[in-house]
Chemist: 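Input: one structure, supplied below.
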Amino acid sequence: MRILIVGAGIAGLAAHRALSLRGFNPSLIERNAFAGAGGAGLFLPGNAVRAIGQLGLLDALLADSHPVTCQRFCDENGRLLNTVDTDDFWRDVAPCRSTKRSTLWGLLKGSMANDVVQYRQIVNAENDYGGCQVFFEDGEVAEYDLVIGADGVNSTIRDIAFPQAPSPVYVGNVCWRFLLPNVCGIEDWTVMLAANRSLLGKPVSSSELYVYADLSVPKKNVEYYSSSTKLEPLFADMAGPLSSALRHSIDADVHFGELVRLRMTTSHRNRVVLIGDAAHASPPSMAQGAGMALEDAIVLADELARTKDVVTALGRYEARREQRVDWVHRQGIVRDKMRRLPQPVRNALLRFAGTSLYNRAYRLLQEPI
């Protein structure tokens with residue numbers, strides 16, 4: 001089967017790994033020579049770590065990541081509202097871990113030959129029931145039985161093969177992500193929540209801390225913020241264990257972005273299928289960007305291995321993924337709405353029902369994919 005994977009991020013590399021383990025020999029292209037750099041840190045809940053294990057990379061991940069045994073929720077003054085025992089919740093699935101994005105990317109990339117990724121770009125494609133003809137920037141034209149669009153939220157393949165697809169929608173928040181030495185002494189996943197902003201910190205190694213900060217901003221004002229924005233004044237009214245990290249952000253490599261949501265009515269058309277953020281990007285409320293991409297890759301490879309008919313396999317793939325992807329989107333919206341509740345109501349919910357709310361949000365993801 002002639003398979004082309006477009007995009008060598010987490011989703012694309014995972015798809016290549018999953019397909020290779022099942023005897024396929026897919027081609028993989030990427031337009032960005034620095035695809036493995038940046039992105040700061042990742043929190044990998046148990047379902048994401050389980051998926052990494054299904055790709056045969058669990059031991060490598062455990063050796064180069066940090067355990068997350070609990071998640072601590074604090075108010076804007078750093079007062080503890082609730083602690084969720086993630087070890088207990090995910091006990092029958094896999095342990096939660098945190099790591100650098102570049103580390104996970106490197107584990108996936110290191111599992112394949114050095115010359116697998118070809119750095120080139122697609123300019124067009126003709127996709128019908130019988131196959132997909134791909135036109136490259138260098139003038140080459142090639143035929144494929146299947147094209148997998150794993151090229152992120154701003155997917156070129158989506159624009160080409162799904163011209164009527166919705167565009168990503170801004171959800172009202174901008175964010176900053178960066179890594180720095182663990183100057184706060186934080187030992188586990190810790191978030192501070194205020195009315196229109198939040199600060200999250202989690203160790204990604206014995207000495208490094210990943211910091212995530214977001215702020216509610218009207219779309220018309222987004223242009224006033226960037227990776228060089230001074231963060232300490234924006235979060236000056238927040239105290240607690242993470243406030244000292246903002247003083248060091250000026251020396252960090254800060255990644256700035258707008259938080260968006262994208263959910264397509266279908267992720268496949270003829271011989272093209274979208275996976276990961278190209279099909280279903282969501283804000284990080286559920287920390288499932290990497291997890292959903294890894295699961296997509298495994299399920300798609302499973303279905304392609306079950307039948308020689310590509311169109312049948314894609315239909316089965318979408319049917320298997322629909323419930324979990326929809327669940328993540330719905331639960332993310334619920335969690336974001338809860339954050340915006342009046343402070344007394346939000347704090348009371350987290351203090352007295354935080355663990356049950358967490359269990360409800362993630363229970364479906366405990367089930368096998």
Side-chain angles (χ1 to χ4, degrees), residues 1-30 50-51 54-56 108 111-112 116-118 122 124-136 140-152 155-166 262-280 291-328 367-369:
M1 189 182 296
R2 298 165 299 175
I3 301 175
L4 175 66
I5 303 169
V6 182
I10 301 299
L13 294 180
H16 190 281
R17 172 74 174 173
L19 288 165
S20 298
L21 289 173
R22 289 157 181 79
F24 295 97
N25 185 28
S27 300
L28 176 59
I29 65 169
E30 168 59 51
R50 173 177 56 192
Q54 291 176 299
L55 294 174
L108 291 164
S111 69
M112 59 186 69
V116 165
V117 181
Q118 301 176 40
I122 289 177
N124 204 358
E126 294 180 359
N127 171 37
D128 58 37
Y129 185 83
C132 189
Q133 189 175 47
V134 174
F135 300 82
F136 294 95
E140 182 184 349
V141 180
E143 295 274 352
Y144 294 96
D145 300 301
L146 174 64
V147 174
I148 301 172
D151 49 343
S155 170
T156 298
I157 290 300
R158 187 180 66 240
D159 291 343
I160 293 172
F162 300 82
Q164 305 304 316
L262 170 71
R263 183 69 175 107
M264 298 179 61
T265 55
T266 180
S267 61
H268 72 96
R269 178 171 173 263
N270 294 330
R271 297 303 185 97
V272 175
V273 63
L274 304 176
I275 67 172
D277 282 353
H280 47 69
M292 290 295 101
L294 292 163
E295 290 187 0
D296 284 352
I298 292 167
V299 173
L300 179 59
D302 281 348
E303 294 301 334
L304 289 170
R306 286 179 60 192
T307 176
K308 294 181 180 179
D309 185 88
V310 173
V311 175
T312 298
L314 296 184
R316 290 174 176 172
Y317 159 77
E318 185 164 289
R320 283 179 63 183
R321 295 303 293 151
E322 183 176 14
Q323 183 185 19
R324 290 173 80 92
V325 170
D326 283 348
W327 178 272
V328 167
E367 299 177 7
I369 59 175

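Keep in mind the model is a prediction, meaning the values are calculated, not measured.
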Chemist: Can a donor-acceptor pair be found, under 3.5 Å and without considering hydrogens, that links the side chain of Asp296 to the backbone of Val299?
Modeler: no
Chemist: Quick check: closest heavy atoms across Tyr144 and Ile3, and the distance to 0.1 Å?
Modeler: CD2-C, 4.0 Å
Chemist: Has Asp159 got more than 12 heavy atoms of other residues, nucleotides or ligands less than 6.0 Å from its CG?
Modeler: yes
Chemist: What distance separates Ile275 CD1 from His268 NE2, expressed to the nearest 0.5 Å?
Modeler: 14.0 Å
Chemist: Could you check if a side-chain atom of Leu314 sits within less than 4.5 angstrom of a side-chain atom of Asn270, using non-hydrogen atoms only?
Modeler: no
Chemist: Is the shortest heavy-atom distance from the side chain of Met112 to the side chain of Leu13 under 4.5 Å?
Modeler: yes
Chemist: Please examine the side chains of Asp277 and Leu262, heavy atoms only from C-beta on, and report whether any two atoms are closer than 4.5 Å.
Modeler: no
Chemist: If I take atom CD1 from residue Ile298 and atom CD from residue Gln54, how far apart are they, to the nearest 0.5 angstrom?
Modeler: 4.5 Å
Chemist: For Val311, does its backbone N or O pair with a side-chain atom of Arg271 as donor and acceptor, under 3.5 Å?
Modeler: no
Chemist: For the residue pair Ala51 and Leu294, what are the closest heavy atoms and their distance?
Modeler: CB-CB, 3.8 Å
Chemist: Does Arg158 use its side chain to pair, donor to acceptor, with the backbone of Ala278 at less than 3.5 Å?
Modeler: yes
Chemist: Please give me the minimum heavy-atom distance between Ile10 and Leu108, naming the atom from each residue.
Modeler: O-CD1, 3.9 Å
Chemist: Enumerate the salt bridge (Lys or Arg N to Asp or Glu O under 4.0 Å) contacts for residues 142-152, please, sequence neighbours excluded, ordered by first and then second residue.
Modeler: Arg2-Asp145
Chemist: Taking all non-hydrogen atoms of both residues, which atom of Val141 and which atom of Phe135 are closest, and how far apart?
Modeler: CG2-CD2, 3.4 Å
Chemist: Could you pull out the closest heavy-atom pair between Arg263 and Glu322, with the gap in Å?
Modeler: NH2-O, 3.8 Å
Chemist: Do Ser27 and Gln118 have a side chain donor and acceptor closer than 3.5 Å?
Modeler: no
Chemist: Rounded at 0.5 Å granularity, tell me how far CD in Gln133 sits from CG in Asn127.
Modeler: 11.0 Å
Chemist: Does Gln164 have more than 12 heavy atoms from other residues, nucleotides or ligands lying within 6.0 Å of its CD?
Modeler: no
Chemist: Any side-chain heavy-atom pair from Ile148 and Leu300 closer than 4.5 angstrom?
Modeler: yes
Chemist: Show the numbers, then the answer: is there a side chain to side chain contact (heavy atoms under 4.5 Å, CB included) between Leu4 and Ile122?
Modeler: CA-CA 11 Å; Leu4 175 66; Ile122 289 177; 3.9 Å; yes
Chemist: Just how far is it from atom OG of Ser20 to atom CG of Leu55, taken to the nearest 0.5 Å?
Modeler: 10.5 Å
Chemist: Identify the heavy atoms of Tyr317 and Val273 that sit nearest to each other, and give their distance.
Modeler: CE2-CG2, 3.8 Å
Chemist: Are the side chain of Glu318 and the backbone N or O of Ser267 linked by a donor-acceptor pair below 3.5 Å?
Modeler: yes
Chemist: Going from CZ on Phe162 to CG on Leu274, what distance comes out if it is rounded to the nearest 0.5 angstrom?
Modeler: 4.5 Å
Chemist: What residue pairs, at least two apart or across chains, pass side-chain hydrogen bond (donor to acceptor under 3.5 Å, both in side chains) with a residue in residues 299-308?
Modeler: Arg22-Asp302, Glu303-Arg306, Glu303-Arg320
Chemist: Would you say that Ile5 contacts Leu19 through its side chain, given a criterion of any heavy-atom pair below 4.5 Å between the two side chains?
Modeler: yes
Chemist: Output the distance between atom NE2 (His280) and atom CE (Met292), rounded to the nearest 0.5 Å.
Modeler: 7.5 Å
